[in-house]
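Data first, discussion second: the structure below is written as structure tokens.
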Number of protein chains: 2
Amino acid sequence: MVESFPGARSRRTTIKDVAEAAGVGVATVSRVFSGGPVSDETREKVLAAAARLDYRPSALGRNLRQRRRGGIGLLVPDITDGFYAGLADGVLACARSYGEPVTVGVTGDDPEQEAEMIGTMIEQSMDRIVAVPTGDAEMWAPALRAGLEVIFAERRVRPDVPGVLTDDASGVRTALEYLTGLGHRRIAFLAQRGQSRRVAAFTDALTALGIQADPELIVHARASRDSAYAVAAGLLQSRTDLTAIIAGSNLLGEAVVLAARELAVRIPRDLSLIMFDDVPWAELCSPPLTVIARPAQDVGYRAAELALRQGRRPKTVTLPAGLIVRASCGPRRAAGYWR
Amino acid sequence: MVESFPGARSRRTTIKDVAEAAGVGVATVSRVFSGGPVSDETREKVLAAAARLDYRPSALGRNLRQRRRGGIGLLVPDITDGFYAGLADGVLACARSYGEPVTVGVTGDDPEQEAEMIGTMIEQSMDRIVAVPTGDAEMWAPALRAGLEVIFAERRVRPDVPGVLTDDASGVRTALEYLTGLGHRRIAFLAQRGQSRRVAAFTDALTALGIQADPELIVHARASRDSAYAVAAGLLQSRTDLTAIIAGSNLLGEAVVLAARELAVRIPRDLSLIMFDDVPWAELCSPPLTVIARPAQDVGYRAAELALRQGRRPKTVTLPAGLIVRASCGPRRAAGYWR
DNA sequence: GTGAAAGCGCTAACAG
DNA sequence: CTGTTAGCGCTTTCAC
């Protein structure tokens with residue numbers, strides 16, 4: 001009889017070792033660990049042997065046999081972004097309550113990297129994946145074909161894939177009502193890739209409020225600090241008639257604060273700013289930022305829940321987004337005076 | 001001959017299907033996909049068949065056979081904390097360059113959860129893990145016994161496990177020199193669990209500067225916003241003779257800013273503040289915060305590199321930590337006058 | 001209740 | 001170069 005002893009890491013203890021040590025068949029050991037019908041007496045014996053041998057069932061063996069991988073895959077554009085970190089935290093919290101491991105990948109908002117990570121997920125036999133998609137609908141065809149349960153979060157690039165969204169349109173509308181109430185008319189929207197829905201909501205709400213949307217005031221940046229800063233600074237310098245900005249993400253909001261500071265544009269005196277996402281620093285910022293808040297953790301938690309929930313077909317859910325007024329917006333003053 | 005057609009997700013395409021379709025043996029297909037010696041002609045044939053069948057090798061099968069899991073596990077206390085998010089980003093970046101998936105778990109700085117996640121990693125046959133440890137040395141015994149390659153990051157609870165650390169002692173020393181240079185004597189250190197090395201460095205540096213360390217001025221908080229705020233506010237209210245604080249993490253720094261604001265303690269006029277970690281909002285804060293900066297991404301990247309690097313035994317590395325002076329510190333004024 | 005045996009998809013000998 | 005075969009650790013009929 002072979003006992004494992006400290007330092008004998010030669011071979012992993014397997015179900016066979018336990019069976020042998022307990023004097024039972026492997027099937028019985030399996031039943032003990034996966035809740036099959038076993039007599040109390042045998043269960044005790046097996047558990048004792050397992051403990052003695054420091055046995056852990058191998059997820060690899062089980063998954064291979066069951067032709068599934070278990071666990072959930074998570075794809076986000078950038079884990080250092082407060083919103084996505086919150087989303088990831090929600091997914092992790094939900095997964096933990098199910099005892100499922102989470103494999104995460106960052107796409108950098110780059111369709112090519114996304115495609116690559118999707119491939120990895122398929123190879124891993126991952127069978128559920130929560131993703132903030134960045135590529136087009138076609139990108140997800142292989143995953144769907146492979147039978148993965150995919151749930152989109154925040155964005156939704158295919159109607160046949162359920163998602164957890166936030167009511168950004170409503171958030172934008174509220175923000176715009178607030179801004180126009182303060183007298184602002186020349187309002188810009190600073191967007192990132194994949195925010196077309198927000199941009200559409202912006203122009204819609206604008207026209208609903210009787211303001212002609214100026215295409216020049218809708219600008220796009222890539223998902224990097226550099227790009228965000230460059231675009232923000234460019235906007236501020238080229239359009240001095242601007243009196244308010246809505247930033248589509250906290251990265252963009254950060255860029256506006258920095259660029260404004262650099263260009264000696266005072267917030268909220270010269271420029272009003274509303275940004276997406278109530279990250280912790282919004283309150284610490286000078287001035288504290290008025291934000292369109294979305295429940296990041298909830299989005300992640302619900303998405304993971306949808307992914308994990310067996311059985312019935314998941315449905316798309318939309319969570320609310322609301323305005324939190326702080327001190328970054330003020331009444332409109334004479335346009336263009338700050339240059 | 002069975003062709004897969006859209007919607008026929010009955011069974012995953014296996015190496016056997018490809019072998020059959022290409023008219024070769026399974027071993028040959030395996031060789032094609034894992035770089036064995038194959039004639040160009042056969043390779044073409046196999047690749048064509050694989051493409052036609054939309055074949056992806058199963059990592060499950062491969063890993064089971066090779067008795068390893070591949071990929072790397074990552075354990076951090078809190079993914080929404082800017083520093084750990086940066087660390088995770090570094091790990092993910094490195095892992096991506098090796099084509100390895102990363103499974104992440106958050107421990108909430110709770111040894112019990114940590115133990116549980118370590119168990120999960122073992123069951124997953126994970127063979128490398130990068131962790132910011134929160135429990136004691138014993139906690140890691142099962143992982144080590146199971147033959148996992150573990151690399152610690154930021155903290156190090158066992159001498160026999162290599163780690164990637166930052167030179168916090170030097171950072172604390174520099175910060176203290178700066179503070180004492182400004183005339184401060186009653187300086188507090190706000191710490192979290194696992195920051196004993198920093199606390200030690202703090203008292204050492206203090207005595208080296210000829211200041212008697214006051215044990216009451218070293219306070220500990222748990223890793224939650226609530227706990228951090230409560231402890232910060234308590235400190236501020238109980239010790240009005242305090243003129244400077246070093247916060248051991250950005251969570252703690254945030255709490256001090258908020259608590260000071262609430263208690264009408266002005267920074268830097270009434271209170272000087274230096275916090276650990278140069279998170280993006282440190283610059284946006286009012287006032288911009290002087291920080292002890294540590295290269296979060298690098299720590300993660302190097303740790304992942306150590307974990308992934310085969311062969312020679314990894315050695316512990318220490319990365320620099322430096323002071324970035326901004327506007328949250330000022331000369332000491334009459335103590336206690338702000339209460 | 002319990003054991004024996006057949007694979008899950010793949011790779012590593014070992015022959016040819 | 002290439003095919004055959006024997007498992008990796010586990011679950012799951014199917015007998016007993």
Side-chain angles (χ1 to χ4, degrees), chain A residues 2 4 9-47 49-50 53-71 122-127 146-147, chain B residues 2 4 9-47 49-50 53-71 122-127 146-147:
Chain A
V2 181
S4 81
R9 313 195 285 75
S10 51
R11 202 174 58 78
R12 181 187 175 115
T13 309
T14 80
I15 200 171
K16 216 168 149 188
D17 301 325
V18 179
E20 208 168 308
V24 301
V26 290
T28 303
V29 179
S30 171
R31 287 189 194 101
V32 168
F33 282 93
S34 37
V38 190
S39 77
D40 286 354
E41 189 191 1
T42 332
R43 161 168 291 114
E44 286 312 316
K45 249 188 339 195
V46 170
L47 253 21
L53 296 183
D54 196 19
Y55 168 71
R56 292 275 194 169
S58 155
L60 239 43
R62 175 188 307 130
N63 291 336
L64 179 58
R65 177 59 228 246
Q66 296 183 156
R67 298 131 143 279
R68 49 179 229 90
R69 170 41 154 55
I122 297 177
E123 289 186 3
Q124 297 291 326
S125 304
M126 210 59 99
D127 31 29
Chain B
V2 181
S4 81
R9 313 192 286 75
S10 50
R11 202 174 58 78
R12 180 186 177 119
T13 310
T14 81
I15 200 172
K16 215 167 150 190
D17 302 324
V18 178
E20 206 169 310
V24 301
V26 290
T28 303
V29 179
S30 171
R31 287 189 194 102
V32 168
F33 283 92
S34 40
V38 191
S39 77
D40 286 353
E41 190 190 1
T42 342
R43 163 169 286 112
E44 287 311 316
K45 248 189 341 197
V46 170
L47 253 21
L53 297 183
D54 195 21
Y55 169 72
R56 293 272 194 171
S58 155
L60 240 42
R62 175 186 309 129
N63 291 338
L64 179 58
R65 177 59 228 244
Q66 295 183 158
R67 298 132 144 282
R68 49 179 225 92
R69 170 46 155 49
I122 296 177
E123 288 187 3
Q124 296 291 326
S125 304
M126 211 59 98
D127 31 30

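Sequence lines set the chain letters: A, B, ... in the order given, protein chains first and strands last, and positions in each chain run from 1. Here the structure is a predicted model, which is why all the values come from computation and not from measurement.
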To the nearest 0.5 angstrom, please state how far the NZ atom of B:K45 sits from the OG atom of B:S39.
7.5 Å

Test item: B:V46 and B:F33 side chains (from C-beta on) under 4.5 Å apart, heavy atoms:
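SC-SC contact between B:V46 and B:F33 confirmed.
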
Can you confirm whether A:Y55 sits close enough to A:L47 that some side-chain heavy atom of one is under 4.5 Å from a side-chain heavy atom of the other?
no

Residues which pass side-chain hydrogen bond (donor to acceptor under 3.5 Å, both in side chains) with A:D127, listed by chain and number, not counting sequence neighbours:
none

Please name all residues satisfying side chain to side chain contact (heavy atoms under 4.5 Å, CB included) with [X], sequence neighbours left out, ordered by chain then number.
| X | answer |
| --- | --- |
| B:V38 | B:T28, B:R31, B:V32, B:T42, B:R43 |
| A:Q66 | A:R62, A:R68 |
| A:L60 | A:S58, B:L60, B:N63, B:L64, B:R69, B:S125 |

Does anyone know the first and last nucleotide of DNA chain C in reach of chain A, 5' to 3', at under 4.0 angstrom to a heavy atom?
C:dG1 to C:dG9

Closest contact, heavy atoms only, A:I15 versus A:V26:
CD1-O, 3.7 Å

Got a donor-acceptor contact below 3.5 angstrom from the A:R12 side chain to the A:R56 backbone?
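Yes; at least one donor-acceptor contact below 3.5 Å.
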
How large an angle, rounded to 10°, do the end axes of the helix from C:dG1-D:dC16 to C:dG16-D:dC1 enclose when each is built from five base pairs?
40°

Looking at residues at least two apart in the chain, or sitting in another chain, which of them share a salt bridge (charged side-chain N to carboxylate O under 4.0 Å, His left out) with B:R65?
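Applying salt bridge (charged side-chain N to carboxylate O under 4.0 Å, His left out) to B:R65 gives none.
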
Does B:S125 reach a base, just sugar-phosphate, or nothing at all? Heavy atoms under 4.0 Å.
nothing

Can you give one letter per nucleotide of nucleotides 8-16 of chain D, 5' to 3': B if a protein heavy atom sits under 4.0 Å from the base, S if only from the sugar-phosphate, - if neither?
BBBBBB---

